[in-house]
Amino acid sequence: MIGNVYQTVCPGCNMGCGLYIREDEEGALAVDFMKSSPANLGKLCRFGMKLAHHYSKATSMVDGKEASVEDAVKAASDKLKGADVTMLGVGNTTNEESLAFSKVADALGTVVNTGMGVYSELPTECHPTVGVGITLDEIESANRIALFVDPYIQYPLLVRRILAAKKIGASVVSVGWKDLHLADENRYIDPDLYESELGLDSESVIIADVHPNTDPGWVKRMLNLALKTQAKILFMKPFVNATGVDLLCKGTGQKGISEIMDGINEGSIKTLVTLNSDPIELMPDSDAAAATLTKLDNLIVISSRDGPVNKMADIVIATEPLYAKAGSFMNVEGLLLNNSGESTTGIDSMSTLSQNLGGEAMDYQNLHNNVLESIVQKYTKPKYKELTCEVLDIGPVEEKGNLIYLYNPFMWFDQSDDNDFVMVNMNMVNKLGLSKGGMIALTSDAGTVNMRYRVEDMPDGLILTAKKLPVATEWTTIVSTEAV
Amino acid sequence: MAEEGWEPKIVAFCCNWCSYGGADTAGMGRFQQPASTRVIKVMCSGRIDPLHVFNAFLEGADAVLVTGCHIGDCHYVNGNEKTEVRYEFLEEMLQQLGLEPDRLHLNWISASEGERFANFITDVTAKVKELGPSPLKPAGVK
Amino acid sequence: MVNVGDMLVGYATNEDVRKRGASGGLVTAVLAAALEKGLVENVVVMKHINEFEAVPIITDDVDEVLASTGSLHSVPVNLAKYAMGRKVAMPAKPCDTQAVIEQAKRGMIDLDNTYVVGLNCGGSMHPVTTKKMLVEMYDIDPEDVVGEDIEKGKLIFKTKNGEEKAIAIDELEEAGFGRRESCRYCTLKIPVNADLACGNWGVIGDKAGSATFCQVMNDKGVKLLDNAIEAGRIEVEPASDKAIAIRAKVNDVMVNLGNTLEKEIFPEIPDEERMQYYMEPMADCIDCGACKEVCPVCACGEDSKCTMFHSLVDNYKMSMYHMVRLLHLSDSCIACGQCSDVCPSDIPITLLQSSFAIPSQRKREYTPGMNVDDVPPFFEVILK
Amino acid sequence: MTEQEAITNEESEEVRIGAFICECGVNIAGAVDCNAVADYISTLPNVVTSVVNKYTCSDAGQAEIKNAIKDLNLNRVLVASCTPKTHEPIFRACVEEAGLNQYLFEFVNIREHCSWIHMWEKEDATKKAKELVRMGVARAALLEPLQSSEVPVTDAALVIGAGVTGMQAAMDIADMGHKVYLVEQGPSIGGKMAQLDKTFPTNDCSICILGPKMVEVARNENIEIMSYSEIDEVDGYVGNFKVKVKHKPRYLNIDECTGCGLCTEKCPVEVPYVEFDEGIGTRKAIYTPFPQAVPLRALVDKSICIDCGACIKACERGAIDMDQQETFSELDVGVIVVSAGFDVYDPEPNHDFGFGLYDNVITTMEFERLINASGPTMGKVVRPSDVKPPKRIGFVQCVGSRDKNSNIYCSSFCCMASLKNAQLLKEKYPDTEVYIMYMDMRTPFRMYEEFYNRARDMGIRFIRGRPAEVTENEDHNIIARIEDTLTNEIVNLELDLMVLSVGAVSPESTETVRQILKVSRAADGFMMEAHPKLKPVDTTLDGIFIGGMTQGPKDIPYSISQGSACAARATRFLAQGKALTEGITAKVDEDICVACGVCVPMCPFQALSIEDDKLKILTALCKGCGTCMAACPTGALEQSHFKNEQLLAQVKNVFAYGEV
C-alpha cells in the first residue's frame with residue numbers, strides 16, 4: 001500500500017467518533033470517513049474535520065536540547081527517584097498507556113490525578129453515574145431531553161441523536177446560555193426552579209458535562225435534578241478516554257487541575273509529570289498557568305503531541321501520534337473502541353521508567369488484557385447506573401461573571417479555529433451602539449481585547465465565547481463592554 | 001403586507017459603461033425615483049458574482065437588480081452574455097429556494113436610456129413594497 | 001484482439017481469484033494485469049477489513065489487488081478523489097466514473113492516465129443500517145455473512161453455512177432499510193461512461209456466478225483487456241445475443257425503478273413553504289465542511305468561494321456556504337449521496353442539492369460526468 | 001483570524017480616510033443636507049476628516065484636498081459629488097499630485113444618483129447620501145495602490161471609411177508625419193459627397209472641391225489607400241491593434257489597369273447603377289465607379305458577369321484575372337479612426353408619401369443624380385414616368401427624421417439640401433414652380449440664413465405643413481393634400497415631381513465594424529461617443545475615435561471638422577509613442593488557484609492561459625472586465641480595485657442596525 005491508513009478515534013471529546021487517518025508517501029495527514037463506526041457513522045464535527053492539523057508530533061527533549069526517547073526516560077528516572085511527585089493524566093490517550101502511567105505512579109508510591117476534581121467532592125456511589133453515561137441510542141428513545149450543554153458547539157455529534165429523538169416525538173428543552181434551533185423551549189430560569197419547571201420524568205434524559213473546571217456544586221445540582229425527577233443523566237466529558245481513565249483510577253484521591261495549580265503556586269508541589277495533558281491548554285487562563293509552571297523544580301512531560309507545556313518542560317518523552325498507538329479507548333457509553341495502530345513507544349518508555357523506579361515491567365498485551373478484565377469485565381461493558389445516593393448539599397453558589405466560556409474541543413487544545421468572535425444579543429448591540437460588522441471591546445483586570453461579535457438570542461448582559469480570550473481569568477469572568 | 005411607511009431597500013449592480021451611465025442620464029434628465037436603491041458600480045455586468053447577490057439578500061436587501069449593457073453593446077465583447085447564463089442559474093436557484101421572483105431582476109439599460117432606468121427603479125420599488133420585507137432579512141437590520 | 005463496442009463474457013484464469021470474485025473475478029484480474037505489465041503505476045482498491053468495512057487504498061502491490069476481489073454493497077465510498085495526480089487504474093461504480101470525468105473537466109484528473117474499470121451498480125447500502133437490517137429483517141448474525149448480491153429486485157445474503165436469504169428491495173426500503181436514498185433514484189446503473197462496463201447482469205447458463213459480462217466502451221477499454229489477455233490473466237468470449245438482451249432488460253428494470261422512486265422521494269413543495277422546507281434542516285448545520293471535503297465533484301482546495309466569504313460571525317438566516325454550493329453544484333452534482341452520509345447533523349444534503357440540480361440539469365439536457373468534452377453549463381460561453 | 005492573517009493586518013499601516021462632501025452649488029445642496037452627511041461620516045471608523053465644500057472640483061476645492069493629504073497624511077481620499085464619468089480623472093490627477101496613488105481614491109455619486117432624482121424628498125435624499133458615502137468609506141478602507149502600465153504605441157493609424165471625414169483625418173495624420181492605412185469598402189474613395197451635384201451654402205460643385213482632395217490623398221506618400229476592402233478582425237489594445245483587412249477581388253490586377261475604360265465599352269452586360277446613380281443610370285459588369293474615382297481602376301461585378309471574355313480581349317494590358325481570390329493583410333496600428341459614413345433613409349418599406357407606389361416620387365439622392373451634370377441625365381431634371389422636365393416640383397421635409405415611427409432625431413442637413421436643390425431648379429428652369437413642404441426650416445450656421453432668404457427671394461414657395469395624403473392622377477402627377485398650419489387652409493397641390501428630403505441612418509456595414517471594434521451603440525443606431533460634450537470624437541475604448549456621419553447625422557462642414565478632431569485626438573498617442581493602460585486588471589492568488597482552467601474560455605481578450613499547472617495572466621491584454629472572476633470557483637482570481645471583499649464591503653454597508 002502507498003502511505004498508510006489508520007483506524008482511530010477522534011480525541012476531541014468522549015463521544016468516541018471513529019475515523020480513518022490517511023498518511024501519504026510524504027507523511028501528510030488527511031481525515032477519511034469510517035462509516036462503519038457505530039458512535040458516529042463516520043460523521044465528524046468541525047474539530048474532527050481539522051484533525052490533520054491536530055497531530056503535531058512531539059520531540060523528546062532533555063533540559064531544552066533534543067534527545068533520544070531512551071535518554072529522556074533515563075533522565076526522567078534520575079529526576080523522579082525518591083522525589084515527591086504529582087502525576088496528571090486527564091485521559092487524552094489510550095487505556096493501556098493510562099494503565100502504564102498508573103503503574104509508574106505505583107512505583108513512585110503516588111496516584112494518577114485525572115484532573116476531574118469533582119469526583120473527590122462526590123459520594124462514591126455517585127461516581128459510576130457520572131463516569132459512564134446512558135448509551136447514545138437511548139438518547140434517541142427519550143421522550144424529553146433537557147440540555148445543559150450547547151450540542152452544536154460543545155459536543156456536535158449529539159445533534160443528530162437529539163434530532164432523531166425529536167423525529168419520534170421527543171420534546172427538547174435547552175437550559176444553556178442561548179437559544180438552540182433544535183430546542184422546543186429555551187429556559188434561562190433560576191437553577192432552583194429546574195426541578196419544578198423542566199417537567200422531567202423517568203422517561204427523560206438530562207445531558208450535562210463535566211470537565212476539570214466544572215464547579216462541583218453544579219454537578220451536585222445536576223445529580224439532585226436526576227434524583228428528584230428520576231430522569232436518566234449523561235455527563236459528556238472533553239477527553240477521548242475520560243471514561244476509561246476514570247474507571248482505571250477509580251477510588252484514588254482525585255485532585256482537580258486547579259487544585260494542582262494552586263499546590264504548585266503554594267510550593268507544596270515541586271515535581272509534576274503529565275501524560276498527554278497540557279495544563280496551559282486545560283486552564284482557562286493560559287498565561288497564568290504558564291507562569292505557575294515556572295515555579296516547579298521538575299516538569300516532566302510524556303506526550304504524543306507538541307504543545308506549549310513541551311516548550312517549558314525539563315524533560316519531554318515523545319511518544320507516537322495518538323492514531324498510531326496500539327490501544328483502546330472507552331467512550332461516554334462505555335463502548336470499547338480500538339485503534340488499528342501497532343506502535344508501543346509510549347508503553348515501552350513507561351515500562352522502562354517504571355523498572356528504573358523499582359516498579360514492574362509491562363508490555364502492551366498484558367496491559368490490554370488487564371484493561372479488559374478491570375474495566376470491561378471480560379466483554380460485559382460497564383452500564384449506566386441508576387442514582388441511589390440521597391440529595392446532595394450543593395453548598396455556596398459561586399458568583400458568575402458575564403463572559404462565559406463555551407468549552408469545546410478547539411478550546412481544550414487551544415487550537416485555532418475560525419471562531420474568532422464572541423456572542424451577544426441584540427439588546428447589547430443597541431445599548432452599546434455597536435456598528436454592524438464592527439467590534440466590541442471587552443475589558444477585565446487582565447486587560448482589553450477587541451472582538452468581532454455575532455448576534456444570538458440569549459439572556460441580556462451575557463457574552464459567550466467559544467475561543468480562549470486573554471481577558472478571561474476563570475471559566476466565567478466579569479468584563480466591562482463598549483463599542484470600538 | 002408590510003406595515004405602513006415601510007420603505008424597501010434595493011441593491012443595484014450597475015456596469016460602468018452602460019447601466020451606470022443610464023443612472024447618470026436619469027439624473028441628468030431629473031427623472032425622479034424612490035430613494036430605495038443603492039447602486040454599486042462594477043466594470044462589467046460579467047463581474048457580478050452570484051456570491052455578491054446572495055450576500056446582498058442575506059445582508060437584508062429586499063430586491064437585487066442585475067443590470068448591464070444590451071447584448072452586442074458590451075464594452076468587453078460578451079460580458080453580458082455570460083451574465084445571462086449566470087443569471088439564469090441564479091434565478092432558478094432563488095426561485096427553487098422560495099424567494100419571490102419579483103425580488104431579483106435582470107435589465108439591460110444603455111447609457112442613454114435614463115428614463116428607462118428611472119421607470120425600472122420605480123416599478124421594482126412598487127412591486128417590492130407590495131411583497132414586504134425579504135424573508136432572508138436578518139432581524140434588526142435597517 | 002478486442003474492439004470498441006464488443007460485448008464479452010470472461011473470467012479470471014487464476015482459479016482462486018475467479019472463485020472469490022463476485023462473478024468471475026475479471027475486474028480484479030484486469031486491474032492486476034494493468035499493474036503487472038506497467039500500464040499504470042498504481043491501482044485504487046478497497047482493502048477489506050470485514051464484510052461491512054473496507055477502506056480505499058492506493059497500491060503498487062499485485063497481491064493487494066488480488067486480495068481486494070469481491071463486490072461490497074455496504075461500503076458506499078466515492079473513489080474519484082483517490083485517482084488524482086496519479087497514473088492509476090481503478091474499479092468504479094457509475095457515480096465514481098461520473099466524478100472522475102467531472103474532475104477531469106476541472107483539470108484535476110488526466111483521463112489518459114486514469115483507466116476506469118466500470119462496475120454495474122444496483123445501489124449501495126450504509127454499513128451500520130445494513131447490520132441492523134440483517135438482525136431485524138433477515139434474522140442473520142452479521143458476523144456470519146460471507147457475500148451479498150442484488151438480483152431481480154431482491155437483496156440476497158449468503159452465510160458461512162452456504163445458506164442464502166433474499167428479500168425484495170422495496171419491502172426493505174419501506175421498512176426504512178435497504179439502499180441509500182440517492183441510490184434509489186439513481187438511473188445510471190451501467191457505467192457507459194467508463195472504459196469498460198463490467199458486471200454480472202447477462203451472465204447466464206453454466207457461467208452464472210463464475211463469469212463477468214464486459215462491454216468495451218473505448219480505446220482505453222481495449223488496451224485494458226488486450227493487456228490482461230496478453231498477461232494470461234483473463235479469458236473472454238463474445239456474449240450471446242440472449243445474454244446481451246437479458247443484461248439490457250435488467251438495466252431497464254433498475255432504471256425504471258429509479259425513475260418511479262424519484263417521484264416518491266422528491267416531495268412537491270408549494271411555493272410559500274419552500275423557503276421553510278430548505279431553511280429548517282439547514283439551520284442545524286454546524287459548519288464542519290465535511291460535505292465539501294467529501295464531494296467528489298468539488299475541485300477547490302481548502303480555500304474556495306463557499307468558505308472564504310462565509311463566516312459564522314454573520315449568523316445569516318441561510319448560510320452563504322450552502323447557497324454558493326447549491327449554485328456551483330446545480331450543474332455538476334451527480335447525486336452520489338456522499339454528503340448526506342457524512343453530515344453530522346443528518347441534513348439530507350444530497351436530497352436538497354438534487355432538488356436544485358435535477359431540474360437545472362434536465363432543463364439544459366445536460367448530464368454531468370458523462371463526457372469530458374461537455375462544458376458545465378454554468379461556464380457555457382455563447383459567442384453570438 | 002488565523003495567526004498568519006493577523007500578521008499581515010498589523011504590517012499594513014493604519015487607514016486614514018479624508019472625506020470631501022461636495023455641494024456642487026445647489027445641485028447637491030438643494031436636496032441633500034451636506035453638513036449632516038459630513039457629520040455622520042466623521043463618526044465612521046478610519047475617517048480622519050470629513051468636510052463640506054461648495055465646489056470640490058474647483059481649484060480651491062482641489063487645493064483643499066491636496067493640503068488635507070499633506071497635513072493629515074491621509075492615505076485614502078473619498079469625494080462625494082457628481083458622476084465619476086466626468087470627474088474621476090480630475091480627482092485622480094489631483095490626489096496623484098499630492099503624492100497619493102491615484103487608485104487610493106473613492107468616488108461616490110450623490111448628484112445624478114441622489115440629489116437630482118430625489119429633489120423633493122430632502123430627508124430621504126440626505127439619508128441615502130449618508131448610506132452611499134458610508135458604502136464608499138467601507139470600500140475606500142480596502143483600496144490598494146495600483147500602477148497603470150505603459151505600453152509602446154505602433155507609429156501607424158488606421159482610418160476606416162474614406163468619405164470626406166476619413167480623407168480629412170487621414171491627411172491630417174499623414175501631414176503630422178505618421179503612416180496611415182485608409183481602408184474604404186467601396187471601389188473608390190470620396191464617399192457620398194462624390195454623388196452630390198452642388199454643396200450648400202456656397203453652391204460650389206461637389207466633385208470640384210472633393211476631387212482635388214481625393215488626388216491629394218492619393219499623392220500623400222504617408223497614406224496607403226486600401227480600396228474595395230473591409231475590416232475583418234481587430235485585436236489588441238491602444239498602441240497595439242492587430243487589424244486583419246479583407247481585400248475583395250476586383251478580378252483585375254490593380255497595378256496593370258489604367259482605368260482607360262476599353263473593357264467597359266466591350267462589356268455586353270448592362271444593369272442599373274444602384275451603388276452610385278441610385279439606379280437611374282446604368283453600368284456594365286466591368287466598370288470604373290465614376291470619372292473622378294481614386295483609384296481610377298475598374299472592377300468586375302461577378303454576380304452579373306457572363307464570362308464572355310470580351311473585356312479580357314479588349315484590355316491591352318492583360319490586367320483582367322477572372323479567378324482572382326480575396327486576399328487578406330495584417331496591419332499593426334497604434335490608433336483607429338472610424339468614419340464609416342451613413343446611408344439615406346429608405347422610404348420604400350413603408351412607402352412614405354407614396355414612394356415606390358408612384359413613379360414621380362423620388363429621394364434627394366436620386367434628385368442629386370438627376371441634376372448632376374456628370375450624372376446619367378447630364379443634369380437634365382426629368383420625371384421618371386415620362387422623362388419630361390417637370391413644371392411643378394415639391395420637396396417634402398423630415399422624411400425618416402423627427403418621426404416616431406422611424407427616427408426621432410433631426411438629420412440636420414436635409415433643410416439646407418432642399419433649399420440648395422430648390423435654388424438650382426429655379427436657376428436652371430426659372431419658370432418652374434418649386435414648393436418646400438416643411439415643419440421647421442433649420443438653418444443654423446454661417447450663411448445658412450442668408451441662403452434661406454435667397455431661396456425665398458427666388459420665389460420658392462414654402463408651405464408650413466407636410467402632405468397628409470399623396471395620390472397620383474392618371475398622368476402620373478402627384479396630388480399632395482397639405483394643411484398649411486400658418487394659414488390654416490387645406491392645400492391640394494398638384495405636382496409633376498415630388499422629392500422626399502430623406503434623413504440619414506446608420507448602415508449595416510457600420511454595425512458590423514462597430515461590433516468588431518466593440519464600440520458601444522447609441523439609441524439612434526449610430527456609434528456612441530464617450531461623452532456628448534466633453535469627448536465628442538472619443539469612444540470609451542482607448543485609441544479608437546469616431547467622426548463624421550458614423551457618429552450621427554451632420555452636414556459636410558461639421559463632418560470635416562470632426563475628421564480633423566479625430567486626427568488631433570488620435571495623433572496624441574502616435575506623437576507620445578506610449579499610452580497608459582488602465583491599472584485595473586486581473587490578479588491571481590497562486591496558493592488558492594487549483595489551475596482548473598474554468599476561467600480561460602471566459603476571457604474574450606485571450607489574456608488567460610494554463611501553463612504547467614499555473615494560471616498565467618497577460619496583463620497587457622487584460623481589459624479588467626472581471627467576467628473571469630465571477631466564474632472562478634475558488635475566488636483565487638481577483639480584479640484589482642474591484643476585489644470581492646471591496647464589493648462585499650459596499651454591499652454590507654448598505655445596511656446598518658440603527659437608523660442613519
Side-chain angles (χ1 to χ4, degrees), chain B residues 1 11 44-62 64 66 69-74 76-104 108 131-141, chain C residues 266-280 282 304-311 313-333 351-364 366 375-384:
Chain B
M1 264 307 296
V11 174
C44 171
S45 63
R47 176 70 183 94
I48 301 165
D49 191 323
L51 176 75
H52 307 144
V53 177
F54 293 149
N55 197 250
F57 276 120
L58 292 172
E59 281 286 333
D62 298 307
V64 176
V66 174
C69 301
H70 289 273
I71 298 299
D73 285 0
C74 174
Y76 304 102
V77 186
N78 55 8
N80 43 16
E81 281 159 33
K82 281 162 260 175
T83 313
E84 257 176 0
V85 170
R86 290 168 196 152
Y87 182 81
E88 222 181 280
F89 275 92
L90 200 55
E91 192 179 40
E92 272 164 39
M93 191 200 134
L94 291 176
Q95 223 151 359
Q96 177 68 5
L97 205 61
L99 199 65
E100 301 94 328
D102 267 343
R103 290 191 190 281
L104 179 70
W108 301 136
L131 294 174
S134 152
L136 293 174
K137 191 191 268 288
V141 159
Chain C
F266 285 92
E268 262 314 310
I269 323 153
D271 279 358
E272 56 291 351
E273 289 162 32
R274 212 188 278 282
M275 180 77 78
Q276 194 54 19
Y277 171 79
Y278 287 108
M279 266 194 195
E280 186 47 34
M282 288 214 195
S304 58
K305 258 182 196 166
C306 53
T307 54
M308 282 196 333
F309 297 102
H310 156 80
S311 159
V313 76
D314 295 324
N315 199 7
Y316 292 140
K317 284 200 173 163
M318 181 164 272
S319 120
M320 273 289 280
Y321 167 81
H322 284 296
M323 282 183 92
V324 171
R325 277 178 56 68
L326 282 174
L327 187 92
H328 279 193
L329 289 172
S330 61
D331 63 356
S332 315
C333 171
L351 187 71
L352 303 183
Q353 280 286 6
S354 292
S355 53
F356 285 87
I358 290 177
S360 168
Q361 289 168 10
R362 275 205 185 122
K363 181 181 166 207
R364 293 171 177 79
Y366 169 85
V375 175
F378 188 75
F379 304 113
E380 196 60 57
V381 175
I382 324 141
L383 273 181
K384 279 202 196 59

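Hydrogens, waters and symmetry mates play no part in the numbers below; they use all other heavy atoms, side chains included. Order of the sequence lines sets the chain letters (A, B, ...), proteins ahead of strands, with each chain counted from 1.
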- Task: In sequence, state the C-alpha distance, the side-chain angles, and the governing distance for B:Glu91 and B:Arg86, and then conclude on salt bridge (charged side-chain N to carboxylate O under 4.0 Å, His left out).
- Result: CA-CA 9 Å; B:Glu91 192 179 40; B:Arg86 290 168 196 152; over 6 Å; no
- Query: Top residue by heavy-atom pair count (under 4.5 Å) with chain B, among C:Leu352, C:Val324, C:Asp314?
  - Reply: C:Val324
- Query: Who among C:His328, C:Met323, C:Glu272 has the most heavy-atom pairs with chain B under 4.5 Å?
  - Reply: C:Met323
Do the non-hydrogen side-chain atoms of [X] and [Y] ever get within less than 4.5 Å of each other?
| X | Y | answer |
| --- | --- | --- |
| C:Lys317 | B:Lys137 | no |
| C:Met282 | C:Leu326 | yes |
| B:Arg103 | B:Ser134 | yes |

- Task: Report the option among B:Leu136, B:Leu99, B:Leu51 that has the most heavy-atom pairs separated by less than 4.5 Å from atoms of chain C.
- Result: B:Leu51
- Task: Sort out for me which of B:Phe57, B:Phe89, B:Phe54 touches chain C most, counting heavy-atom pairs under 4.5 Å.
- Result: B:Phe89
- Which heavy atom in C:Tyr366 sits nearest to a heavy atom in C:Pro376, and how many Å separate them? OH-CA, 3.5 Å
Heavy-atom distance under 4.5 Å to chain C: side chain of [X], backbone, both or neither?
| X | value |
| --- | --- |
| B:Glu100 | neither |
| B:Glu92 | side chain |
| B:Asn55 | both |
| B:Leu90 | both |

- Which answer fits C:Phe378, side chain, backbone, both or neither, if we ask what part of it has an atom under 4.5 Å from a heavy atom of chain B? both
- Query: What do the steps show when you test C:His322 against C:Ser319 for side chain to side chain contact (heavy atoms under 4.5 Å, CB included), and what is the final call?
  - Reply: CA-CA 5 Å; C:His322 284 296; C:Ser319 120; 3.3 Å; yes
- Would you kindly say whether C:Tyr277 and C:Ser355 are connected by a side-chain donor-acceptor distance under 3.5 Å? no
